[in-house]
2 protein chains.
Amino acid sequence: MTTAVTTNEVTLAVSTVIFALGPEGLRIPLVRRIRQPFEGQWALPGGPIETREPLEAAAGRNLLETTNLRSTYLEQLYCFGDVDRAPGERVVSVVYWALVRSDEAELAVEGENVRWFSADDLPPLAFDHNVIVDYALWRLRTKMEYSQIAHAFLGETFTLAELRRVHEAVLGRPLDPANFRRQVEASDAIIATEQHITGGRHRPPRLYRYDTSVALTDNGPLNKKSEARRVVS
Amino acid sequence: MTTAVTTNEVTLAVSTVIFALGPEGLRIPLVRRIRQPFEGQWALPGGPIETREPLEAAAGRNLLETTNLRSTYLEQLYCFGDVDRAPGERVVSVVYWALVRSDEAELAVEGENVRWFSADDLPPLAFDHNVIVDYALWRLRTKMEYSQIAHAFLGETFTLAELRRVHEAVLGRPLDPANFRRQVEASDAIIATEQHITGGRHRPPRLYRYDTSVALTDNGPLNKKSEARRVVS
DNA sequence: CCAAAAGTGTTGAATTTACACCCATGA
DNA sequence: TCATGGGTGTAAATTCAACACTTTTGG
């Protein structure tokens with residue numbers, strides 16, 4: 001899966017760190033390498049960059065091919081280019097990170113060479129992929145505190161408790177329900193619907209909808225260029 | 001200057017946005033292209049990536065070759081890879097941004113094909129370089145608010161007024177001297193020396209020193225790997 | 001003494017945090 | 001009715017912003 005375009009001197013590849021939120025916390029799909037180097041070890045999904053394919057589309061394609069999922073959020077993480085990342089050859093990897101909705105992640109394919117792991121308990125990965133995942137985790141947690149990316153884990157509508165549990169799972173600490181409610185209400189990123197969820201043994205919570213006129217994250221002049229950055233085919 | 005390694009299908013290059021702080025604000029050195037495409041137009045300093053050269057070292061080398069300066073701060077900005085960035089061929093550019101000390105920027109070489117421009121008043125640049133500079137400017141201003149990168153513009157010791165003027169120039173708005181003092185003192189990023197600057201027609205200000213045990217910016221697990229990221233040859 | 005910038009103090013507003021308390025539902 | 005989580009109120013603590021005021025130098 002981590003094949004790549006071979007050039008005269010430098011190999012250019014695209015890899016993607018995919019996050020989904022399960023009951024036990026953050027999970028990441030990995031693929032088993034079927035050739036040397038690191039044959040048999042787990043690695044990030046990655047693939048060749050085709051000549052007329054945008055980098056971001058390559059990341060979205062890798063995602064689709066390995067998990068059969070589409071991402072609600074996709075962003076470039078970093079370009080890794082250390083000379084000794086791969087034994088024997090120079091590989092430069094443009095790495096993206098993606099978030100997929102929890103309900104869709106249930107349907108994700110899993111097989112002999114594709115498996116989901118807990119993000120906090122990964123095996124030793126091929127290349128420098130452990131460092132890459134650490135960095136992606138750090139970015140996810142940092143960005144969660146000042147942006148609205150938590151919505152990317154949820155469906156069209158959601159309760160405030162669901163949204164709060166996303167934050168708690170990613171940040172790894174409990175949040176005060178009362179204060180959390182006020183913070184997200186003050187941010188104007190959500191719109192209250194008139195629907196409520198019944199069936200629980202308690203007061204039915206109101207459903208909210210994400211305000212699509214508010215960008216998930218502020219990347220400055222960059223998301224002006226391609227507004228379709230959020231949803232990738 | 002924006003030559004690059006030619007591959008089978010994709011060209012990989014490194015470019016650098018260099019910021020210095022002059023009396024009139026932020027300034028950026030550009031180089032004039034001496035070949036097609038965009039011959040004669042101004043562009044970011046960039047160069048080929050050599051097979052056994054780290055990406056960051058390539059950025060530092062471009063910096064040294066075009067301005068004869070060394071950077072006190074160098075960080076990866078983004079990897080630009082749109083298919084139509086360059087006419088006729090696919091070029092993927094790993095872009096870095098750098099800060100150089102104001103006193104050293106005075107010594108920077110300038111010639112027929114290298115000139116410094118005001119960051120807020122750039123001519124139309126080659127390729128997508130205007131977008132790149134806009135993004136670098138946004139990152140600089142955003143990062144200035146929560147990190148300590150302002151020190152990279154200053155020398156070994158500095159007064160609080162000098163530090164404040166850096167912030168004011170980058171952010172483009174005046175800051176309250178009293179509150180600014182308390183903020184940076186509370187951040188523990190600076191150390192008071194016993195030296196003062198005399199000669200002004202006012203009370204001599206105390207000199208401060210940057211606390212090197214505090215990282216300029218928090219990039220998570222990334223600066224653990226190469227601690228020498230701050231000073232580049 | 002005066003001007004100018006360094007440096008300190010103070011006050012009110014805004015924000016965060018902790019937690020008490022009421023509401024609506026299923027069993 | 002009780003248990004449970006949804007939802008509101010509120011007061012203390014902390015941080016932020018504005019600005020008055022004192023200090024120290026050169027002229």
Side-chain angles (χ1 to χ4, degrees), chain A residues 21 23 102 141-148 150-151 154-211, chain B residues 23 102 141-142 144-148 150-151 154-155 157-211 218:
Chain A
L21 199 54
S102 306
R141 291 185 169 128
T142 305
K143 209 147 194 171
M144 182 79 70
E145 291 180 347
Y146 67 89
S147 75
Q148 309 298 333
H151 300 279
L154 299 171
E156 187 71 17
T157 57
F158 47 86
T159 69
L160 286 184
E162 287 169 343
L163 183 60
R164 177 167 50 84
R165 269 182 276 275
V166 171
H167 278 85
E168 289 175 335
V170 173
L171 298 179
R173 60 186 159 92
L175 299 172
D176 186 296
N179 296 332
F180 179 82
R181 159 183 300 273
R182 275 184 287 257
Q183 281 171 12
V184 301
E185 279 176 347
S187 77
D188 286 331
I190 58 174
I191 301 171
T193 73
E194 291 311 311
Q195 299 171 291
H196 295 258
I197 287 193
T198 58
R201 307 166 46 165
H202 50 77
R203 175 170 170 176
R206 181 188 293 267
L207 280 175
Y208 289 82
R209 180 186 311 281
Y210 173 63
D211 184 354
Chain B
S102 306
R141 291 186 168 127
T142 305
M144 181 80 72
E145 291 180 348
Y146 67 89
S147 76
Q148 309 298 332
H151 300 278
L154 299 171
T157 57
F158 47 85
T159 68
L160 286 184
E162 288 170 343
L163 182 61
R164 176 167 49 85
R165 269 183 276 273
V166 171
H167 278 84
E168 289 175 337
V170 173
L171 298 179
R173 58 185 161 91
L175 300 171
D176 185 296
N179 295 332
F180 180 81
R181 160 184 301 272
R182 275 184 288 256
Q183 282 171 11
V184 300
E185 278 176 347
S187 76
D188 286 331
I190 59 174
I191 301 172
T193 72
E194 292 310 311
Q195 299 172 291
H196 295 257
I197 286 192
T198 58
R201 307 166 46 165
H202 50 76
R203 175 170 173 175
R206 182 188 292 266
L207 280 175
Y208 289 82
R209 179 186 312 281
Y210 174 63
D211 184 353
D218 182 13

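Computed from a prediction, not measured in an experiment: that's the story for all the values here.
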Open item on the list: At a heavy-atom distance below 4.0 Å, what parts of residues 161-175 of chain B sit against DNA chain D?
Closed with: none
Task: Sequence-aligned protein contact record of nucleotides 18-27 of chain D, with B where the base is within under 4.0 Å of a protein heavy atom and S where only the sugar-phosphate is - done: BB---BBBS-
Open item on the list: Run the salt bridge (charged side-chain N to carboxylate O under 4.0 Å, His left out) test against A:R181 and tell me which residues pass, sequence neighbours left out.
Closed with: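 By the salt bridge (charged side-chain N to carboxylate O under 4.0 Å, His left out) rule, A:R181 matches A:E185.
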TODO: Sorted by first residue and then second, give each ring pair (Phe, Tyr, Trp, His ring centres under 6.0 Å) pair with at least one member in residues 177-198 of chain B; sequence neighbours left out.
DONE: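 Counting only pairs at least two positions apart or across chains, the ring pair (Phe, Tyr, Trp, His ring centres under 6.0 Å) contacts touching residues 177-198 of chain B are B:H167-B:F180.
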Could you work out, with side chain to side chain donor-acceptor pair (under 3.5 Å) as the rule, every residue matching [X], not counting sequence neighbours?
| X | answer |
| --- | --- |
| A:D211 | A:S213 |
| B:R164 | B:E168 |
| A:R182 | A:N179 |
| A:Q195 | none |

Open item on the list: Need two values: the first and the last nucleotide of DNA chain C, 5' to 3', having an atom under 4.0 Å from any heavy-atom of chain A.
Closed with: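 For DNA chain C, the relevant span reads C:dT17 to C:dG26.
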- [ ] Under the side-chain contact (heavy atoms from CB on, under 4.5 Å) rule, collect the residues that match up with A:Q148, sequence neighbours excluded.
- [x]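 Partners of A:Q148 under the side-chain contact (heavy atoms from CB on, under 4.5 Å) test: A:H151, A:S187, A:A189, A:Y210, A:L216.
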TODO: Give the minimum heavy-atom separation between A:V166 and A:A150, together with the two atoms involved.
DONE: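 Closest approach of A:V166 to A:A150, heavy atoms only: CG1-CB, 3.8 Å.
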Open item on the list: Within this structure, what is the OG-CZ distance for the pair B:S102 and B:R165, rounded to the nearest 0.5 Å?
Closed with: 12.0 Å
Result block: side-chain N/O donor-acceptor pairs under 3.5 angstrom for residues 200-208 of chain A, not counting sequence neighbours:
residue	atom	partner	partner atom	Å
A:R206	NH1	A:T193	O	2.8

Calculate the interatomic distance between [X] atom [atom1] and [N] atom [atom2]; express it in whole Å.
| X | N | atom1 | atom2 | result |
| --- | --- | --- | --- | --- |
| A:H196 | D:dG7 | NE2 | C1' | 11 Å |
| A:I197 | D:dT4 | CD1 | C1' | 16 Å |
| B:R181 | D:dA17 | CZ | C1' | 17 Å |

